[in-house]
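Take a look at the structure set out below.
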Amino acid sequence: MVRVRFAPSPTGPLHIGGARTVLFNWLFARNHGGTFILRSEDTDLERSSVRWEKDIADSLRWLGLTWDEGLEVGGPHGPYRQTERLEIYKEYLARLWLGGHVYYCFCTPEELEQDRREAMARGENPVYSGRCRHLTPAQVEEKLQAGLKPAIRFKVPRDTEIVIQDLIRGEVRFQSRDVGDFIIIKSDGIPTYNFAVVVDDITMRITHVIRASEHLINTPRQVMIYQALGEEVPQFGHVSVVLDVSGRKMSKRMGDMSVTAYARRGYLPEAVVNFLALLGWSPPDNKELMSLEQMVKEFSLDRVSKSPGIFDEQKLNWMNNQYIRACDLERLADLALPHLEKAGLEPVSREWLKYVLDVVRDELNCLEELPGHIEEFFPDTVDIEPGALPHLEAETAPAVLTEFLLRLDRLPAAASYGEMQNQVQQLLKELNQDMKRERGVSGRAVFMPIRAALTGRDSGQELYYLVPILGRERVRRRIEASLRQVSRGA
RNA sequence: GGCCCCUUGGAGAAGUGGUUUAACUCACCAGCCUUUCACGCUGGCAUUCAGGGGUUCGAAUCCCCUAGGGGUCACCA
């Protein structure tokens, strides 16, 4: 039975790199019919907050990555918050005491800092000196009596080799002499990460630890604890990190890379998840657009890349656009509403919104861009841009515009935007033919003046989309205004 | 500085000793289509896999060295 977990420390929002790690865990679990667990590593009392725990849970739900055990949903191996598991750590600590694997350390932060500096100055590896390792029981008792609050260190065995068969990286070897005795219980009695994860992973029966590669270096410490405890060591898989466009580790400087930020900007969760999956993993058939279900079916750790990936927003944009194109219109309308509201744009109607979305969706990288694409549909008049002016000043322009308006007025009321689109398309076709016959102008000479009058620009949507979107009234006003402007100028 | 990891085009990558003159996708460039901009279509974009040595009839694929990038050496996780 496969059991994996995601164990963030709730000190900030879930960022895009963390989301990828969760995704790989989740896909691995689902692919094996296993269990995915969400727990909270909140032993950093200073920075942890339930607010971020909630934020992370919300982000996971938004991405569609549900968990079977853990925060909010509970389960048989709880509690799932480290600060609520202190009794459990005590039990395991007792076992380490019994085996003689730990000792009290009374060194002050200042002493430690001094040691570190001196070691560095001597060009040595700054590992803990082991000063307190050989304190006699009497000395320990004396310090305890004096009221000193000790930390507890793990005795790392001398000169042993720790070999890890990493699921992604292959065999990795460490020498125990390179790692100093490390603290597993802080002087405030709270366990340290390296100890708490091990106990949690043991008690929650975790079989595979899939996490960011920055933890690779912690693995030998944890393996030594497993061994001291006589527990079975899980399998490890260390996923590479995600870098920003400049090739650095992603930072806040590049903007808000949190999952919620992408949600807020109008990225679809299925696009984000799809993009993230492909950042470091590729399916055997090299398909790109795929649903979570498809990914679950094809996922395997041995197709996960070892090298760090660079987060390419251009490709995310392309992918999001693909999903926007394929999105159900009702859903897209729901998603669009908040962005319109924010921009102060009120859609004419739900039907109108859906029609507009269908027309402009091809151009959208994300919904946040929507207002910029449709705000031009709202005013009654437009400013004529320099590039569009010549089309209105053409000799035949007034005649074309007048005739267009006349015919538009004769159009029977349409039952839908789609029907109106067809009517206008037919109207334009006939207008073009008639103008060619009667005045010898066609093509650009008839379409461009209309476009210029309606939009003030020389580019944009097809006219037969534009007219239904603007509506007859607004079309009339814009054309009449343009006509006036041209005649005044002439 | 020690230790550990990584290195195929601007980005994601396929490729695990021989039809690879290195697939595919994004980006970029050009042409076509089109009333315009887009969309779409077509084509271009690594004689080479960080560099250098080996092993081999044959290497992006195996070995060694060098360089570059990253991680880590906390009473943070």
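All chains are named by letter (A, B, ...) in the order of the sequence lines, taking the proteins before the strands, and each is independently numbered beginning at 1.
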Nearest nucleotide by nearest heavy atom, which residue falls closer to the 5' end of RNA chain B, A:M448 or A:T192?
A:M448
Once pairs are restricted to Watson-Crick or G-U wobble with both distances under 3.5 Å, how does RNA chain B read as a dot-bracket string, [ ] for crossings and | for other-strand pairs?
((((((((.[[[..)..(.....]]].(((((.......))))).....[[[[[..)....]]]]])))))))....
What is the nucleic acid contact for A:N286, judged by heavy atoms within less than 4.0 Å: base, sugar-phosphate only, or nothing?
base
Quick check for you: among B:U35, B:A11, B:A77, whose closest atom lies nearest to any side-chain atom of A:I310?
B:A11
Under 4.0 Å, heavy atoms only, any strand: does A:T43 hit a base, just the sugar-phosphate, or nothing?
sugar-phosphate
Quick one: label A:C105 by what it contacts on the DNA or RNA (base, sugar-phosphate, nothing), any heavy atom closer than 4.0 Å.
nothing
Please measure how far the P atom in B:U55 lies from the corresponding atom in B:U61, and state the result in whole Å.
15 Å
Residue whose nearest RNA chain B nucleotide is more 5′ - A:R169 or A:D362
A:R169
Quick one: do A:R81 and A:E53 make a salt bridge, cutoff under 4.0 Å?
yes
At 4.0 Å (heavy atoms only), tell me whether A:G280 reaches a base, stays on the sugar-phosphate, or touches nothing.
sugar-phosphate
Nearest of B:U35, B:C26, B:A77 to any side-chain atom of A:Y193?
B:A77
Could you check whether A:F182 and A:F195 have their ring centres less than 6.0 Å apart?
no
Using atom C1' in both nucleotides, what's the gap between B:U7 and B:G40 to the nearest angstrom?
38 Å
Identify whether any heavy atom of A:E288 sits under 4.0 Å from a base atom; if not, whether one sits that close to sugar-phosphate; answer base, sugar-phosphate or nothing.
base
Expressed as a whole number of Å, how far does the P atom of B:U66 sit from that of B:G1?
14 Å
Does any donor atom in the side chain of A:Q426 or A:E430 lie under 3.5 Å from an acceptor atom in the other side chain?
yes
Closest nucleotide among B:G12, B:C5, B:C76 to the A:L216 side chain:
B:C5
A:Y464 side chain, from C-beta outward: closest of B:U35, B:G12, B:C4
B:U35
Would you say the side chain of A:K315 and the base of B:U25 hold a donor-acceptor pair, judged only by whether the two atoms sit under 3.5 Å apart?
yes
Would you please classify the geometry between the A:H238 ring and the A:F236 ring as parallel, tilted or perpendicular, with 30° and 60° separating the classes?
parallel
Counting any heavy atom closer than 4.0 Å, what does A:H215 reach on the DNA or RNA strands: base, sugar-phosphate only, or nothing?
base
Between B:C26 and B:A13, how far is it from one P atom to the other, in whole Å?
16 Å
Using 30° and 60° as the class boundaries, would you call the ring planes of A:F28 and A:F299 parallel, tilted or perpendicular?
perpendicular
Look at all strands and tell whether A:P126 reaches a base, only sugar-phosphate, or nothing, counting heavy atoms closer than 4.0 Å.
base
Ignoring hydrogens and angles, tell me if any N or O in the side chain of A:S176 forms a donor-acceptor pair with the backbone of A:P157 under 3.5 Å.
yes
Which nucleotide, B:C3, B:G12, B:U36, lies nearest any side-chain atom of A:S459?
B:U36
Whether A:D159 and A:R177 form a salt bridge (side-chain N of Lys/Arg under 4.0 Å from carboxylate O of Asp/Glu) is what I want to check.
yes
Taking B:U25, B:C6, B:A38 as options, the one with an atom nearest any side-chain atom of A:W318 is B:U25
Counting just side-chain N and O atoms, does A:R303 come under 4.0 Å of either OP1 or OP2 of B:G15?
yes
So, is A:R325 near the phosphate of B:G40, with a side-chain N or O under 4.0 Å from OP1 or OP2?
yes
B:G69 to B:G53 separation - P atoms, rounded to the nearest Å:
23 Å
Write down the distance separating the P atoms in B:C6 and B:C64, rounded off to the nearest Å.
13 Å
I want to verify a distance call: between B:U35, B:C76, B:C73, whose nearest atom is closest to the A:D44 side chain?
B:C76
Taking the side chain of A:N218 as its heavy atoms from C-beta onward, which of B:A77, B:A14, B:C75 lies nearest to it?
B:A77
Going by the angle between their ring planes, with limits at 30° and 60°, are A:Y262 and A:Y267 parallel, tilted or perpendicular?
perpendicular
P atoms of B:U72 and B:A38, separation to the nearest Å
45 Å
Donor/acceptor link under 3.5 angstrom from A:S187 side chain onto base of B:C75:
yes
B:U16 and B:C62: how far apart are their P atoms, nearest whole angstrom?
11 Å
So, OP1 or OP2 of B:A74: does either fall under 4.0 Å of a side-chain N or O from A:R116?
yes
Does A:Y193 have its ring centroid less than 6.0 Å away from the ring centroid of A:H215?
yes
Tell me what A:I183 touches on the nucleic acid: a base, only sugar-phosphate, or nothing, going by heavy atoms under 4.0 Å.
base
